[in-house]
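Heads up: the structure comes next, in C-alpha cells.
Letters go in sequence order (proteins before strands), and every chain restarts at 1. Model, not experiment: these values are computed from the prediction.
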Protein chains: 2
Amino acid sequence: MDDDKPPRLSKKDVFLNYKIWLSGITGDGMIDETTYRLLIEIGELGSLKAAADVQKISYRKAWGDLEKAEEILGYALTDKQRGGKDGGNSALTPAALRLLEAYHALQQTFDDSVEEAFNAFKAKLKPE
Amino acid sequence: MDDDKPPRLSKKDVFLNYKIWLSGITGDGMIDETTYRLLIEIGELGSLKAAADVQKISYRKAWGDLEKAEEILGYALTDKQRGGKDGGNSALTPAALRLLEAYHALQQTFDDSVEEAFNAFKAKLKPE
DNA sequence: TTTCGATATGCAATAAGAGTCATATCGAAA
DNA sequence: TTTCGATATGACTCTTATTGCATATCGAAA
C-alpha cells in the first residue's frame, strides 16, 4: 500500500531546517558550517584567502572566523606562513583534521535524525 | 572504570548548540522556537499582545511572526477578534494545536539525539 | 635588495533583523 | 453613540553582522 509517487512540491510545502554550532562558555564566536567549509577549503587549497574566495565570504570575515574558532578550542587549527614568493600560505593542523572528522560525523548524525524526526512530524501534521 | 567526577567547566570547554525551524519554499519567514512559545502563550492567555509581552518581544514582531507562520503553512493558526470591550482577543485553531504537538515532539527527538551525538563528538576530539 | 602576494588588522560603510513609535480600525458593553 | 483596549500596519530607529577599503607586515625567490 505504499505508493511511490514522487513527492510533488506544493507552494505550501513545509521544510525542516537546522543549524548546529560549537561555542565556548563566553558565547562569543562560533564554529559552524561556514567555519567547517572554510577549513575544508584551507586544507584543499593551502590558503586562507583562496578558501575565502571559494566560499564567497570576505577575507576579513574568514580570518575572523578562524581566529574565533581557534580561540574557542584553545589550540591552533592552522599553521600560517607569511611572506615568501607566493606571499604566504596556510595548512591545517592535525587537530583541525580531527575536528573536521568529528564535526562531519556530528552533522551526519543530525542529518539522519532530522530526516526521521521530520517524517514523523509530517505524518502527525498530515490529517489537516 | 567509570569515574563519576562531576564534569568541571574549563575556560576551554566547548558546547554544542542547535536550532531548528520550519520554512516554506520561498525561505521567507520561519516557524521556530520563538513562534512555538508565542503560540503556546496565545493559547494560554487568549491574546497576541499578552503573549508578546510575556515573551518579551515587541507586539510588532509577534504579529509579524504569526503572519509568516500562517503564510508558510497556508492555514490559520489563530482566530482573531478585533473590537469589543476588551479590545479583542486571539485563540488557537485546532490546526495550531496539532502543530504545537508535532513541533514539540520534533524538539524532543532532537534534544535526545543531540546529547548522544555530542558525547560521541567529544570522545573523538578528546585524544588531543 | 627589490618584489609580490598572502597574512594580519583597524575602521568606515552597508545590509538585515528587531524594536520603537505613531496611527488606524474594530465592536461589545456601558 | 461613546469608550476602551487589542488587532493591524507603515515607517523610522537601533543593533549587530558582514562587507569593503586601506594599510602594514612578512620572507622566499629573482
### Query
In the structure shown, which nucleotide is the Watson-Crick or G-U wobble counterpart of C:dG10, with both distances under 3.5 Å?
D:dC21
### Message
Nearest to the side chain of B:Ser47, heavy atoms from C-beta on, is which of D:dA6, C:dT7, D:dA8?
### Response
D:dA6
### Message
Would you say A:Ser90 places a side-chain N or O within less than 4.0 Å of OP1 or OP2 belonging to C:dA6?
### Response
no
#### Entry: Pairwise distance CG(B:Leu45) to CG(B:Asn89) - rounded to 0.5 angstrom
12.0 Å
### Task
Determine whether B:Asp53 and B:Tyr59 make a side-chain contact, defined as any pair of heavy atoms from C-beta on separated by less than 4.5 Å.
no
### Task
Mind checking A:Gly83 for me? I need base, sugar-phosphate or nothing, with any heavy atom below 4.0 Å counting as a touch.
base
### Message
Using a 4.0 Å heavy-atom cut-off, does A:Gly84 contact any base of the nucleic acid, only the sugar-phosphate backbone, or nothing at all?
### Response
base
### Task
May I ask you to test the A:Glu41-A:Arg37 pair for a side-chain heavy-atom distance under 4.5 Å?
no
### Query
Once you round to the nearest 0.5 Å, how far does CD1 of B:Ile20 lie from CG of A:Asn17?
10.0 Å
### Task
Report the residue from B:Tyr18, B:Tyr103, B:Trp21 that forms a ring pair (Phe, Tyr, Trp, His ring centres under 6.0 Å) with B:Phe110.
B:Tyr18
### From CD1 (B:Ile72) to CZ (A:Phe15), nearest 0.5 Å
11.0 Å
### Message
Can you measure B:Gln81 atom CD to D:dT7 atom C1' for me and round it to whole angstrom units?
### Response
10 Å
### Message
Give the residues of residues 58-70 of chain A touching DNA chain D, defined as any heavy atom closer than 4.0 Å, sorted by residue number.
### Response
A:Ser58, A:Arg60, A:Lys61
### Task
Mind calculating the distance between CG (B:Asn89) and P (C:dG27) to the nearest angstrom?
13 Å
### Message
Any strand counts, and the cut-off is 3.5 Å on both contacts for Watson-Crick or G-U wobble. Which nucleotide pairs with D:dA29?
### Response
C:dT2
### Query
If we call it a pair only when both distances are under 3.5 Å in a Watson-Crick or G-U wobble match, what pairs with D:dG10?
C:dC21
### Query
In whole angstroms, how far is the C1' atom of D:dT18 from the CG atom of A:Asp32?
14 Å
### Query
What nucleotide among C:dA29, D:dA6, C:dA8 has an atom nearest to a side-chain atom of B:Lys85?
C:dA29
